[in-house]
Colleague: 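This structure is in structure tokens; I'll ask about it shortly.
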Amino acid sequence: MKKLSLVVLTVCSMLAFGQKVSDYKYISLPAKFETFKEDFGLSELFTKILRSKNYTVIPADKLQWPAEAKDNPCNVLMGDVKDDSGFLRNKVLVQFKDCNDKVVSSIKGASSIKDFKEGFQDALKQTFVSISPANPINHAGGNKIQETVAATQVTTATNTTSSAPDNSALKFSNGKMDLQKIQIDNGQFILVNSNSSSPFATFKATTKSDVFRVKMQNGESTLGYFENGNIVIEIPQSNGEYAKEVFSKK
């Protein structure tokens, strides 16, 4: 039970950091970037950059948010630009945080232009290429993950079954290890080894049916997919090739 609780904490952390800025539609900006003595035109420039990437920019005041954002605040990222200047260069740090105040992305930009207004704007423009265009998904926040995991914990603790869908009953094996499949939401699931405190692999849906982006326990990224009811992971090899690892449903 203790190991499963550690798995849950690790999964929540991985999902949080696994999110990308492009997963969001709305980005909320403060009325003022607090670390700057004056605006230097950064608010207007940052808004233009985000809109050019198809994001919907909304104010920090939640009363002014559109209904879709109000109904699910976890569909909104908080954007900020910070003064990160060094001795000889004007530098900015663009930061995005989710509804749990977790940093989703940090991007640095620097300029050799000494004038503050031109230099900071030039530094902010350097971050443009690192901000991916919006390709939003729905974020239910931490509640759905916690509810799913809680249900799994109860089932594991009692070792009972019911007529409701039971994630803990889905087990897969490659002949060397047995893994439990836990569905986080419609687009994400994990494979958990009962002998480990962290997920063996975390799967996130792609635009192609039954094909997933996979984050392995060791941090490597690869692809996985369903094939004839089995879960297949392309395991990266030291020589740059990939080995097909098949996990069959037990």
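The first residue in the sequence is number 1, and the count goes up from there. For clarity, every value in this text was computed on a predicted model and none was experimentally measured.
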Colleague: Is there a side-chain hydrogen bond (donor to acceptor under 3.5 Å, both in side chains) between Lys181 and Gln183? Walk through the geometry before answering.
Modeller: CA-CA 6 Å; Lys181 177 177 178 285; Gln183 192 76 36; 2.7 Å; yes
Colleague: Members other than Val76 in its cluster, when Ile, Leu, Val, Met, Phe, Trp, Tyr link by side-chain heavy atoms under 4.5 Å?
Modeller: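 Same cluster as Val76: Tyr26, Ile58, Trp65, Met78.
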Colleague: Is Lys250 salt-bridged to Asp178, cutoff N-O under 4.0 Å?
Modeller: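 Answer for the salt bridge query: yes.
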Colleague: Salt bridge or not for Lys117 and Glu38, using N-O below 4.0 Å?
Modeller: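 The answer is no: the pair does not qualify as a salt bridge.
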Colleague: Can you tell me how far the NZ atom of Lys244 sits from the CD atom of Glu234, to the nearest 0.5 Å?
Modeller: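 Reported to 0.5 Å precision, the distance equals 8.5 Å.
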Colleague: Between CG of Asp23 and OG of Ser132, what distance do you get to the nearest 0.5 Å?
Modeller: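 Reported value, rounded in 0.5 Å steps: 9.5 Å.
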Colleague: How long is the span from the OG atom in Ser221 to the NZ atom in Lys215, to the nearest 0.5 Å?
Modeller: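 Rounded to the nearest 0.5 Å, the OG-NZ separation comes to 3.5 Å.
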Colleague: Indicate the atoms forming the closest heavy-atom contact of Glu245 with Phe247, along with that distance.
Modeller: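 Distance-wise, the nearest heavy atoms are CG-CE1, 3.5 Å.
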Colleague: I need the minimum non-hydrogen distance between Ser28 and Ala60, along with the two atoms involved.
Modeller: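 That closest heavy-atom pairing would be OG-CA, 3.3 Å.
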Colleague: Please confirm whether Lys53 makes a cation-pi placement over Phe128, using NZ or CZ under 6.0 Å from the six-membered ring centre and within 45° of the ring normal.
Modeller: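 Yes, a cation-pi geometry holds between Lys53 and Phe128.
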Colleague: Between Phe40 and Phe33, does the ring centroid distance fall short of 6.0 Å?
Modeller: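 Ring-ring flag for Phe40/Phe33: false, centres at least 6.0 Å apart.
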Colleague: Is Lys208 salt-bridged to Asp210, cutoff N-O under 4.0 Å?
Modeller: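 Salt bridge: no.
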Colleague: Within the side chain of Asn174, is there an N or O that forms a donor-acceptor pair under 3.5 Å with the backbone of Met177?
Modeller: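 Flag set: sc Asn174 to bb Met177 pair under 3.5 Å.
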Colleague: Determine whether more than 12 heavy atoms belonging to other residues, nucleotides or ligands lie under 6.0 Å from atom CD of Glu44.
Modeller: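 Atom CD in Glu44 is not crowded, with 12 or fewer foreign heavy atoms closer than 6.0 Å.
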Colleague: In Å, rounded to the nearest 0.5 Å, how long is the span from OG of Ser106 to NZ of Lys97?
Modeller: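 Here the interatomic distance stands at 8.5 Å.
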Colleague: What are the two closest non-hydrogen atoms of Val104 and Lys20, and how far apart are they?
Modeller: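 Looking at all heavy atoms of both residues, the shortest contact is CG1-C, 3.9 Å.
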Colleague: Kindly give the cluster partners of Leu223, where membership spreads through any ILVMFWY side chain lying under 4.5 Å from a current member.
Modeller: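 Listed partners: none, Leu223 stands alone.
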Colleague: Test ring pair (Phe, Tyr, Trp, His ring centres under 6.0 Å) on Tyr24 and Phe96; report intermediate values, then the result.
Modeller: CA-CA 11 Å; Tyr24 293 79; Phe96 298 95; 9.1 Å; no
Colleague: Other than Leu63, which residues form its hydrophobic cluster under the rule that side-chain heavy atoms must be closer than 4.5 Å?
Modeller: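 In the cluster with Leu63 there is nothing else; it is isolated.
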Colleague: Phe36 and Phe116: aromatic ring centres closer than 6.0 Å?
Modeller: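 No.
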Colleague: For Ser22 and Pro133, work out which heavy atoms get closest and say how close.
Modeller: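 Closest pair (atom of Ser22, atom of Pro133, distance): CB-O, 3.2 Å.
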Colleague: Do side-chain atoms of Asn228 reach the backbone of Asn230 as a donor and acceptor pair under 3.5 angstrom?
Modeller: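 Checked: no pair found.
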